[in-house]
J.: 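One structure, pasted below without further comment.
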Amino acid sequence: MSGGDKQGIMKAGVGVYFCSCGTNISENIDIDELVRFTSTLDTVEYVKSHNLLCSEEGKNYLAEDIIKQKPDRVVIAACTPKEHEKTFRNVLQKAGLNPYLFQMVNLREQVAWATSDKSSATEKAKSYIRAAVARVALQEPLEEREIDCNTDVLVIGAGPAGMEAALLLAKAGRKVYLVEKNSFIGGRVARYEEVFPKMECASCMMEPKMDEVLHHENIELLTCSEVQEVLGFLGNFVVRVRKKAGYVDKNKCIGCGACYDQCPVTVKNEFDYNLSDRKAIHVPYTGALPNVPVIDCMSCLRFEGRSDVYKQALDQGLITKREYETFKAEDCRLCKEACLFDAINYEDKDEVIEREVGGIVVATGFELFDPSVLPQFGYGVYPEVYTSLEFERILSQTGPTCGKLLMKDGREPESVAIIHCVGSRDKDFKDYCSGVCCLYALKFARLVEKHAPSVKVYDFYADWCVPGKDNQAFLDSIKKWKNIKFIHTTLPMNVPVKKRNGKLSLACTDVSNGKHVVSADMVVLCPAMVPAKDTARLSELLLIARGKEGFFAEGHTKLAPVSTNMEGIFIAGCSQGPKDIQGSVAQAAAAAGEVLSALVPGRKLKLDVLTAEIDENACAECRICIGLCPYNAIVLDKEKNVAVVNTVLCKGCGTCVAACPSGSARSRHFTTEQIFAEIEGVLK
Amino acid sequence: MCTGRIDPQFVLKAFEKGADGVLILGCHPGDCHYREGNYNALRRFHLLKKMLDQFGIEDGRFRLDWVSASEAEKFVGVINDMVKKVKALGPLKPAPPLPLSKKKGRGDIQAEAHG
Ligand code: FES
């Protein structure tokens, strides 16, 4: 700022306007007295009052009067700035005065409505006016800034929510980068056979969507990829994604499967929760999309990672010591030789891909609460106890038993017990209801009825949580099946699973005090849904908050269910909280809508005006501000040895300003001098 | 602006200019609109409180509390309580100067070291 400007501030001619807000203000404050008092203040050039400044007539009057009187600064004493600060700033702008050379005094909420005695209210109002008049003299003109924005979008997670958001955005013409950590898309749903309540075939439902995602020209799908770094803000994010080497060229591979037929290494298939085997080069299940195998370098003979796997195999006695040693450093090329299309590339490397986007949708899904921490259920001890997701795989045509209801030992069970609310609705574990378990438990019953109608099903439930227009009918229809028995317990967590005479035995007391002892061949647990493992890491990376259960926190429970504390970053699906596919897809559509309205091609983004700045002549490079800034908006200029505020990232909280020991950090519009002036004005 | 912007000097200035009490109200911990400004305010509050104590400014005259925009009742309660306490304490009296002979200031120690 030049010296001339400073002088201008000193002789500030302030125009003060009082609004009586109908009678809201004038009823309890003596406006005539205030006008008289205000005109005695040093820097005040003129004082006016009006009945309703925010009305059309009032605004026109204000604009015309400012043009006529040419004040240097303006104080308006009216209602709360929350209501009309913006209104009056616009009027000032129209009248040719910088909108930041203006201060508002809240006479209505803070004085007229809060202080009952008229003469003390009037006195209180005087001190507020004094403060505003003192402060406004020190205010500086500030310019609104606008920047261009990028309208491309990053979508993290290619489950039903991520795919929906990506497709909607792509169809609206946006470029979408869809990042998926697995080698396949579809998320958890890829593991399901049928979905409740209409018992629709899951893959028939999902495949057209997945095809669209794979082939949409606006979607760049990055599988086996993880977001590693995100910098920036709404309209201007830079993201770095690590794409892991898959060793198969997707442009050459036709998905014939010749490679995995030849692969000599067999390991457990984590896609089937280790209930089946796969090769080192593999697709997780038949029909996985994209249909391109990847080499798992932890088990492939060519890679170092395998040594752990072989060490394990050796320890378990699966291979001999000799075998273990000869496996070392093997130049196995069987898959490459089997491939007729030369698609296998052992030289493939991890890549870091950088993309610029304007918005981000996070749809990273869920995981199941680990029931092995609940010893009463014997999960991990008795092989006949399964989680719901494992059971989904058993029921699936592409699963370990090709959809036949068989246990790990190959037997068909005579009876299956299903236990609801495992780890849910219990303050020691997860105190919420996941909202889908009752429904998929019913689905399981229906699938058992379909695949093995003679099998008996025992269903241990606490309450039926089946809201929605189709679900009650679904429950009622399952109740008609003669082979199912529902056992209503208060706490399914109190249904211990024991082994007796080679069978599992479950004992409990129901709500009407009836005793039940059920023997079952197979037990299926319905554990609480918990956030996917990556949620914590992503929350740090994206600076988005999580709630106490670890799911991403929405902006507002009712009114902003897919926004986050970071502008431009939206959440959808189970990463926000447990829900069904329908809810996830609806949220994805909402998130896509948010992105479309926040980022419009050709429209510029307004930046915060009230940011911090650092005087490079006074900065002593102590770096205190850098550590304190909650938005990582301050960096060190290594050449000048001073801290510099990135005014695009800065949100103007002022934390750095209060902490700066040399006084070189300033808050625009909230400078220390301005605040001092205000304090002195109030207390004079 | 946020409680994180509150420079301890603002509080000192207020007392200097004759305020009988200073009340800082911020968003609840974990709920700061600017993420964590209120945690910084809390740290500064404790330090400043120690200092005010040494100036002879009584406990009830300086307070930090958390009130969200939807907590009208709490807001009213905190304000009334503060007003009641400050009224009971009466106007702020300037503290009598510390008897210098009893307490050694930094200058005295330096003087000794040099002497
Ligand atoms: S915005 Fe930080 S305390 Fe309210």
Side-chain angles (χ1 to χ4, degrees), chain A residues 80-82 109-110 113-115 127 130-131 134 543-548 553 555-556 564-566 608 610-612 624-625 627-633 650-661 663 665-684, chain B residues 1-48 61-62 64 67-70 72-73 75-80 82-83 86-87 91-92 94:
Chain A
T80 162
K82 276 245 169 238
E109 281 81 353
Q110 287 185 347
W113 286 354
T115 306
S127 68
R130 230 173 12 224
L543 304 176
I544 57 175
R546 291 188 299 149
K548 86 177 202 303
H556 185 278
T564 64
N565 55 316
M566 287 294 283
D608 266 325
L610 310 183
T611 56
I624 290 177
C625 54
L628 280 179
C629 178
Y631 300 96
N632 301 333
C650 174
K651 298 258 183 281
C653 66
T655 300
C656 56
V657 186
C660 176
R666 279 175 98 240
S667 277
R668 293 201 176 97
H669 208 60
F670 290 98
T671 65
T672 302
E673 297 73 30
Q674 289 163 5
I675 294 172
F676 274 172
E678 209 171 339
I679 295 173
E680 286 176 21
V682 171
L683 293 169
K684 202 173 269 169
Chain B
M1 253 223 335
C2 153
T3 55
R5 171 67 184 95
I6 297 177
D7 188 324
Q9 293 184 80
F10 298 167
V11 180
L12 294 176
K13 175 67 93 191
F15 280 123
E16 180 203 324
K17 290 290 162 189
D20 296 319
V22 175
L23 171 61
I24 302 176
L25 294 180
C27 313
H28 285 273
D31 243 2
C32 169
H33 179 74
Y34 296 104
R35 300 169 153 273
E36 46 205 37
N38 49 4
Y39 292 121
N40 291 313
L42 180 62
R43 283 191 234 155
R44 290 173 192 147
F45 169 79
H46 285 302
L47 285 174
L48 184 56
R61 294 193 190 274
F62 181 39
L64 168 68
V67 183
S68 85
S70 60
E73 242 170 79
F75 177 74
V76 171
V78 172
I79 303 273
N80 283 339
M82 178 85 186
V83 169
V86 173
K87 276 201 172 142
L92 181 66

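Letters A, B, ... mirror the listed sequences (proteins, then strands); counts begin at 1. Computed from a prediction, not measured in an experiment: that's the story for all the values here.
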J.: Give, for atom SG of C629(A) and atom OH of Y34(B), the distance between the pair rounded to the nearest 0.5 Å.
T.: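 Between atom SG of C629(A) and atom OH of Y34(B) there are 12.0 Å.
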J.: For chain A, find which of P8(B), A14(B), C32(B) contributes the most heavy-atom pairs closer than 4.5 angstrom.
T.: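 With the most close heavy-atom pairs to chain A, the winner is A14(B).
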J.: CZ of F75(B): more than 12 outside heavy atoms within 6.0 angstrom?
T.: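 No, the 6.0 Å shell around CZ holds no more than 12 heavy atoms from other groups.
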J.: Taking R44(B) for the side chain and A658(A) for the main chain, is one N or O donor matched with an acceptor at less than 3.5 Å?
T.: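 The answer is no, because no donor-acceptor pair under 3.5 Å joins these two groups.
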J.: Does the side chain of K13(B) reach to within under 4.5 Å of the side chain of T672(A), using non-hydrogen atoms?
T.: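 K13(B) does not reach T672(A) side chain to side chain.
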J.: Is the backbone N or O of L543(A) less than 3.5 Å from a side-chain atom of R35(B), with the two atoms forming a donor-acceptor pair by type?
T.: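 Answer holds: yes.
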J.: Nearest 0.5 Å, please: how far is CD1 in I679(A) from CZ in F10(B)?
T.: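 So the CZ of F10(B) and the CD1 of I679(A) are separated by 6.0 Å.
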J.: So for A659(A), is it side chain, backbone, both, or neither that comes closer than 4.5 Å to the heavy atoms of chain B?
T.: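 Both backbone and side chain.
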J.: At a heavy-atom separation under 4.5 Å, does L610(A) approach chain B through its side chain, its backbone, both, or neither?
T.: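 Nothing of L610(A), per the 4.5 Å heavy-atom cut-off to chain B.
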J.: Under a 4.5 Å heavy-atom cut-off, does chain A meet the side chain of Q9(B), its backbone, both or neither?
T.: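 When you check distances to chain A, atoms from both the backbone and side chain of Q9(B) fall under 4.5 Å.
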J.: From F15(B) CZ over to L683(A) CG, what is the distance, rounded to the nearest 0.5 angstrom?
T.: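 That separation rounds to 10.5 Å.
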J.: Measure the spacing between CG of D7(B) and CZ of F676(A) and express it to the nearest 0.5 Å.
T.: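 Atom-to-atom, D7(B):CG and F676(A):CZ are 6.0 Å apart.
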J.: A side-chain contact here means heavy atoms from C-beta on lying under 4.5 Å apart; do I675(A) and R5(B) qualify?
T.: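 I675(A) vs R5(B): side chains touch.
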